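Here's the structure, in structure tokens; my notes come after.
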Amino acid sequence: MAHTNASISLLMGAAIALNFLPTQAQARGEINIYSARKEALIAPVLEAYSNKYHVQVNLITGNADTLLHRLKTEGNASPADIFITVDAGRLHRAKQEGVLRQLESDTIVENIPAHLRDSEDYWVSLSRRSRVIFYNPKTVNKNELSTYEDLANPKWRGRICTRSSANIYNQSLVASMIAANGEEATGKWINNFVANLARPPFGGDTDLLRAVEAGVCDITLANTYYYGRLGHSDDPAMKAVYDHVALFWPNQAAGERGAHVNVSGIGITNSATNVRNARRLIEFLVNHESQAWYAEANNEYPVIEGVAYPSTLEPFGKFKADSLQLDKLGENNRLATELMDANGWK
Ligand SMILES: [Fe+2]
């Protein structure tokens, strides 16, 4: 592998391990990243860091659970200095499995709202997304919609589509409802919500948005970035989904907690040998310029104040966001999956 002092190398697939002979990596002060984000969604901003500080950054991208498993099995011998993944539930899992260390950064504490950081300092958010209601405006009057809780109302019988309970986005949404409404009320809510499904859980968020457009159901839940990016799609079929499906911000009324928020996030690994460089890189990723780029590239909301919303999300306007401390999503994850199991959310 050629290495200048200011470059980023993208290491994909099985061959990458060879590039991680620890003695070499350590000697050069390189930073090795395991990232569950697609390369194009993170690499340019890492390159900007690399060019500015003359530190080589090596990026390994892969499936979130696979990378977490790899970190765990590699243990202290892992070449990774940094772990990037999506969903607070998964970040919490990484912390619990002992693969992360505390960030110990004043910059992060000062700039990132407390609820978007692990309460024990093991990870910090890089971007926010919201999981909200999408509906067919031809069959649903906007005034009939209000809250997540209301999706259990019998008026929606046979009209809702959802992704399966195996998906962490839904687990985290339920975890947030447990935090807001308690275990018993959330169990009942799941039961009634499931009774309103048009068909058994299926697909990913984009499939669900398409199902609403196709008339399979009138309402679904999806993350904002899936919908936002359809607005810029070159595919007429996808653009049609964007045009024919509408976004509704739930739980916005006075006294309501706001729309459910989840994040992509980052932590320094327990095995990190370049902790100072890793910390500086994370501080770089939450600065104004990086946040603007990252939000735009990922169709997500920034985590710091004063950064414009990405162009794809701008049409949806401002919204009230649930300010729940995000590590609650991780803490409530097991109970959430148990409640979903017990109440028939397949
Ligand atoms: Fe996603």
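Remember, it's 1-based here, ligands and their atoms both numbered in the order they're listed. Since this is a predicted model, take the numbers as computed values, not measurements.
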Taking only Lys NZ, Arg NE, NH1 and NH2, and the carboxylate oxygens of Asp or Glu, determine whether E283 and R279 approach each other closer than 4.0 Å. no
Considering only NZ, NE, NH1 and NH2 on the basic side and carboxylate oxygens on the acidic side, decide whether E144 and K155 come within less than 4.0 Å. no
In total, how many protein N/O/S atoms does one find closer than 2.8 Å to the Fe ion (ligand 1)? 3
Identify whether NZ of Lys or CZ of Arg in R229 sits under 6.0 Å from the centre of the six-membered ring of Y227 and within 45° of that ring's axis. no
Say you draw a straight line from CZ of R129 to OG of S264; how long is it, rounded to the nearest 0.5 Å? 6.0 Å
What do you reckon, is NE2 of H69 surrounded by more than 12 foreign heavy atoms closer than 6.0 Å? no
On a heavy-atom basis, which atom in A40 and which in W293 lie closest, and how many Å separate them? O-CH2, 3.7 Å
